[in-house]
Amino acid sequence: MCRCTPDKACWPAQAEWQRLGASVHGKLEQPQSPLAPCRTDAAGEACVAALKNARNPFYLQDQPGGTQSAGWLGAWNAASSAYAVAAEDAGDIAAAVTFARQHRLRLVVKGTGHDYLGRSNAPDSLLVWTHKMRRVSMQDAFVPRGCPATEAGTPAVTLEAGTRWLEAYQEVTVKHRRYVQGGGCTSVGAAGGFLQGGGFGSWSKRYGIAAAGMLEAEVVTADGKLLVANRCQNQDLFWALRGGGGGTFGIVTRVTLKTHPLPSYFGAVDGSIVAKDDAAFKELLERFLRFYRERLSNEHWGEQVHVRRNNSLQLSLTFEGMTAEDARQTWQPFRDWVERNRGTFTMKVDFIQIPADRIWDSAYLNEHAPGAIQMDQRTDRSADGFWWWAGDAEQVSMYWYAYQSRWLPLDLFEPANARRFASLLFEASRHWSLGLHFNKGQAGASAEAVQRGRETSMNPAVFKAAALVIVGAGAPGYPGVAGHEPDRAEGEAAKAGVAAAMKVIRDATPGAGSYVNETDYFEPNWQQEFWGENYERLSQIKSKYDPEGLFFCHHCVGSERWSSDGSCRSGP
């Protein structure tokens, strides 16, 4: 009923660990926190270097004990596993899974550790670390295994489990002039929790949910077997892997994803609109909601608008399939309205276009969009390594005080509801700033994107949603590191502000749901919020492929059968 821990007699003897290490050809490690030097000498040179490295996501990913987030107030702190298998192929993963099952160990899966809820780390666990599995290959006409060979193939790309979107985009887009739907941040893992939880990128309204682009997956299940899942075999597992959450049904060793033709340009709208007072800000919000519904609720637009407490809208939008001039013309009616009210509103905005095949070309970006990307400047690493956009850097080693999300139904943007919704956004923004992520809703998406998306196991609420609202707060902080501990008082105050802002939104959106990959650690009724009507079927598939609950993570399918830390069974 309970998993083994080092203080119990059932914990594997050293000789048994050695046999596991031999079976994976020496790839067994004992992870250490990247901040270990700081816990022994917080003023030493080694600690100074560790703190600097902790601001680089690629450095953290190179460490089996590294995580993108440092922890979450009242929820979890980053913790290294007791042992890690630095897997290089499916055989290594199967050996680790079999060992964990035989010895009743807590098993953790991590590629990049790019996770808010601490699902990819746990103390006293065996870690399957897929970071080294990063091979990428293109296919001109992919036919899923088991499907009729006479079928017309699909242009596709195959990614191993540890591949980051940086490597995927540079191969698919920069080298082969195709597009694969992935994440906006290049340091995110492509095949793990991002993809299996759904996955959104800057242009998801055009190309769809990332999980909907999955054509096939190889997965090691709890019995240590390697299965192929696609629309022609193991269809139930295939459905669950596309939206049911990572680290839940098995360990994906590689995936094959659909690729798309590139448009001529990708682009961005960057800037702000400031209102002179509260009454003007309410008017601005209503006008923007109506404008979004009329001109931007379509497959060409994505990314986000932030509703700030200082009575401003911060624009960080993207577009595809049009030029910067086309984007200007789209916005012209709104700009004309601002111009007619110059004493009340101030609008500063830039329209930027980039040739689509250069969007992940670091040399081009550094020349034509200086400051947009953050380079990995370690001399022993690839010169092409960067995370995108530079603003994402603030999340590296973040200690979260609070983080909540909610789908926003498109109905709220309709003319009959826009004034009321504008008032609610204004009220919420008095407590905390809100981000409206329009690329993370599928209302207004292309017909093809919606059709493929409905074949996944994501919460169907996403197809009614214009956007995902995210409200979060945190600061760099390292538990256990003297002088760099999180500020608990600051955290509690921020947590209260976030909760107050989101209560306004929650009360106005009953049943709207939340996004499993970017959500509140303490989300109530999480089964319904994350998966809606799909949860019961997902739970049945979980029981079929993992009846003993070897794969556990916080608020993942089937986790209600375990204690909160995944150590002991609490239900059938």
Side-chain angles (χ1 to χ4, degrees), residues 24-29 31 34 56-68 84-96 108-115 120 127-139 142 156-176 178-196 199 201 210 213-220 226 241 246-247 250-259 360-362 373 375-376 378 380-388 392 396:
V24 295
H25 310 288
K27 304 185 192 82
L28 186 68
E29 304 181 17
N56 182 337
F58 293 123
Y59 172 82
L60 293 175
Q61 291 167 19
D62 287 342
Q63 317 303 314
T67 56
Q68 171 84 4
V85 172
E88 295 184 12
D89 56 36
D92 294 337
I93 294 176
V108 177
V109 187
K110 180 172 67 181
T112 66
H114 206 296
D115 170 57
S120 59
L127 170 66
V128 177
W129 188 39
T130 64
H131 175 64
K132 296 183 179 181
M133 299 174 63
R134 300 213 299 269
R135 284 181 285 269
V136 180
S137 59
M138 300 288 292
Q139 286 87 39
F142 177 79
V157 60
T158 297
L159 313 172
E160 284 194 330
T163 306
R164 299 169 295 201
W165 284 116
L166 175 66
E167 291 108 7
Y169 290 141
Q170 289 182 337
E171 183 69 25
V172 175
T173 301
V174 178
K175 293 182 181 179
H176 289 89
R178 300 282 296 177
Y179 178 73
V180 58
Q181 181 56 65
C185 183
T186 56
S187 62
V188 170
F194 168 88
L195 180 68
Q196 294 168 54
M214 187 190 296
L215 302 176
E216 183 173 281
E218 289 184 4
V219 55
V220 174
L226 181 65
L241 291 172
I251 302 178
V252 169
T253 64
R254 65 177 183 173
V255 293
T256 299
L257 306 176
K258 178 183 177 69
T259 67
W360 289 286
D361 182 335
S362 60
I373 61 175
M375 300 298 298
D376 181 1
R378 293 176 295 163
D380 60 342
R381 293 298 184 267
S382 168
D384 293 329
F386 68 89
W387 54 97
W388 171 262
D392 288 331
V396 182

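On a predicted model such as this, the values are computed, not experimentally measured, just so you know. Sequential numbering from 1 along the given sequence is applied to the chain's residues.
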Could you pull out all residues at least two apart from Glu216 that satisfy side-chain hydrogen bond (donor to acceptor under 3.5 Å, both in side chains)?
-> Arg145, Asn230
Please list, chain by chain and in numerical order, all residues satisfying side-chain hydrogen bond (donor to acceptor under 3.5 Å, both in side chains) with Lys27, sequence neighbours excluded.
-> Asp92
Nearest heavy-atom pair of Val255 and Ala191: which atoms, and what distance?
-> CG2-CB, 4.0 Å
Flag the pair Gln68 / Pro57 as yes when at least one side-chain heavy-atom distance between them is below 4.5 Å, and no otherwise.
-> yes
Taking the side chain as C-beta and beyond, is there a heavy-atom pair between Leu159 and Leu195 under 4.5 Å?
-> no
What's the shortest heavy-atom distance between Ala210 and Gln181, and which atoms?
-> CB-O, 3.6 Å
Of all the heavy-atom pairs spanning Asp384 and Ser362, show the shortest one and how long it is.
-> OD1-OG, 3.5 Å
Sequence neighbours left out, what passes ring-ring contact (aromatic ring centres under 6.0 Å, His included) with Phe58? Give chain and number order.
-> Trp387
Identify the heavy atoms of Gln196 and Val252 that sit nearest to each other, and give their distance.
-> NE2-CG2, 3.5 Å
Quick one: side-chain hydrogen bond (donor to acceptor under 3.5 Å, both in side chains) partners of Gln61, sequence neighbours excluded?
-> Arg164
Just jot down the side chain to side chain contact (heavy atoms under 4.5 Å, CB included) partners of Asp62, sequence neighbours excluded, or say none.
-> His131, Arg378, Arg381
For Glu171, check side chain to side chain contact (heavy atoms under 4.5 Å, CB included) against everything at least two apart and list the hits.
-> Val136, Met138, Lys175, His176
Side chain to side chain contact (heavy atoms under 4.5 Å, CB included) against Thr259, all qualifying residues, sequence neighbours excluded | Pro155, Val157, Val172, Arg178, Val180
Trp360 versus Leu166: any side-chain heavy-atom pair under 4.5 Å?
-> no
Determine, step by step, whether Asn56 and Asp376 satisfy the side chain to side chain contact (heavy atoms under 4.5 Å, CB included) criterion, reporting the C-alpha distance in whole Å, the side-chain angles of both residues, the deciding distance to 0.1 Å, and the verdict.
-> CA-CA 7 Å; Asn56 182 337; Asp376 181 1; 3.0 Å; yes
Is there side-chain contact between His114 and Ser187, with at least one heavy-atom pair below 4.5 Å?
-> yes
Go through the structure and list residues passing side-chain hydrogen bond (donor to acceptor under 3.5 Å, both in side chains) with Tyr169, not counting sequence neighbours.
-> none
Here the pair of heavy atoms bringing Asp361 nearest to Val174 is N-CG2, 4.0 Å
Which residues pass the salt bridge (Lys or Arg N to Asp or Glu O under 4.0 Å) test with Arg254, sequence neighbours left out?
-> Glu218
Min side-chain heavy-atom separation Thr112-Val188 under 4.5 Å = no
Provide the closest heavy-atom pair for Pro64 versus Glu29 in the form atom of the first, atom of the second, distance.
-> CG-OE1, 3.4 Å
Pairing residues for Ala156 by the side chain to side chain contact (heavy atoms under 4.5 Å, CB included) criterion, not counting sequence neighbours | Gln139, Phe142, Leu215, Thr256
If only atom types and distance count, is the side chain of Thr163 paired as donor or acceptor with the main-chain N or O of Ala190 below 3.5 Å?
-> no
